[in-house]
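Structure, as structure tokens:
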Amino acid sequence: MLPVTDRVPVIAGIGLSELPVAPHLTAAGHHALAARRAIEDCGISKGDIDGYFAAGAYDEAVTTAEYLGIRPRFIGGAMTGGTSFELFVEQAMLAIEAGHAEVVLISYGSDLLSARGRSLGTGELGTAGGGAAGASTAGGGAAGTARAVGKLVGGPAAFEAPFGNTLVGAYAMAAMRHFYEFGTTPEQIAEVAVAMRRHAALNPVAMHRDPITVEDVTASRMIADPLHLLDCCLVTDGGGAVVVTTSERARDLRQLPVYLLGAASAMSHWNVSQMPDFTTTAAARCGPEAFARAGVSPDEIDVAQLYDSFTITVVLLLEDLGFCKKGEGGSFVAGGRLGPGGSLPTNTDGGGLSAYHPGMRGIFLLVEAARQLRGQAGRAQVPGCSLALACGSGGWLSCMGAVIMGAEHP
Amino acid sequence: MSVQADCWEGRPWPLPDAVAQPFFDAAGCGRLQLQRCVNCGTAVFYPRPYCTVCLGELQWIEACGKGCIYTFTVIRQNLSRAWRGQVPYVVVMVELPEGVRMMGNLVACPADEVHIGMPVEALFVSSSAWTGGETAGSGEPTSDRAGRPARGLVLWHPIPG
Ligand SMILES: [Zn+2]
């Protein structure tokens, strides 16, 4: 076989498992189904997979690789929360360009809803949604005895857990500061939830498809001021997978390749109390880098997939990625700009707010961007879509990963 | 001011390692301490072995015990056993003039009166409030690497006037 000369990395295959509820599937079952569908989607031989990436709250790359029967020579799985998969794409691109891998599988699976139920990130610390690192517990407390003394908490969590903050509370504190510094309003951020719901109406497997209004959002129950129930992402089951390979190899595969034009990542903290500035995420660093690597600018993006853990997350990402100035995200999302037919259709599958969020949503950003660039998004298709951005946010606005994809060979 | 009501038994309680122990020992004596780098002057919190900027040695300094609310939220839903009966309660990020921020709870203040910029003062809760009078650490499983349960915890309340 001749050496591969065109090593431009592409997403060649995509797959989703059963969404949004699948009581019969375990997390590993979601991995397996999504991986099988992604492999069948592109028609590559499973035996050709020589790179593998995965992360989850309850599983990791080594265990899922074994479960799937993959023996990679290039493996990774840094847990950076929901954006892990954008970081995996960046790493897979480097591995493929350098010839350290030819075919990389990235997979995700979670049975969060069926296994644990919905607690909106307000359940036992480290068990709902955001991953458990930094929330290590030590000691057994006195549970089971007559006195209900609270559990003992060590490490950096000793400086957060005693105060009962929740995952929602962390994002709420970012929103509260944004409101204070820039005059952003609950009605403005609610526009994000309204737009996601309008996209979800076009996705037959979205969890919630009935239209909502700004008033519905602001009248919904307050979870952590200023975030209401409808400002918060769902808890669902689900899995997804992508196959990344070289442009040259993709020519013999079934689907139109989705070219990976540029990617970058950055982190600013892990525990939210260590966040340097509650209104600016690390996307302000990796966003410009990803655009520079791709040689494009934000105004050229046809469709955006921005991690919508909460409505405020999207506002922060839009600002930090350069779609508008810092502080102007609230007015930017008004007027249906992010919805179907808007000038920046965002989360065209309905997002984590309305479609699916099994704890870590990053893989779905990639799958949906690829569907749009292939022209396979059905009723949700953005006409003439040739440039897409996926940007994940992981942890407590901690880690950010941006990937820019195109329909044409660079 | 009585703070017993704000320190119900179910509150998760710090089990600091040796590096963090001095912070909680000081809190148990009603003092707020944090670290400062002897080399570059950076204030460091939470406690670390070395400076987070230059890796210099850190020394413990006495903080003035006052600060301003940088941001906050009112937790109205928390389904975990320890907290579900306590809602609503206020979680704050307090900015200290020494140059660090700390997470905590704001007590003795109605939720609808909390605002960013509000001046607040440290309030110290002894471990006896948590254990119901027992000596902290008695009967608790600890390892050699973990220290003893914290002697005190820092909460915040509004500065009157
Ligand atoms: Zn220093």
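In what follows, chains are A, B, ... by sequence order, proteins preceding strands, each numbered from 1.
Here the two rings, on A:Y307 and A:H357, have centers that are under 6.0 Å apart. Side-chain rings of A:F159 and B:F23 approach one another, their centers coming within less than 6.0 Å.
With a threshold of 4.5 angstrom between heavy atoms, B:V19 does not approach chain A through any atom at all. For B:Y70, the parts lying near chain A are the backbone and the side chain together; criterion is any non-hydrogen pair under 4.5 Å.
In terms of non-hydrogen atom pairs under 4.5 Å with chain B, the most contact-rich of A:M222, A:M176, A:E160 is A:M176. When the candidates B:V87, B:V154, B:V100, B:I116 are compared by the number of heavy-atom contacts under 4.5 Å with chain A, B:I116 comes out ahead.
Between A:S354 and A:R197, the side chains place a donor N or O and an acceptor N or O closer than 3.5 Å (distance only, hydrogens not considered).
Going from atom CG of A:L230 over to atom CZ of A:R221 covers 9.5 Å, rounded to the nearest 0.5 Å.
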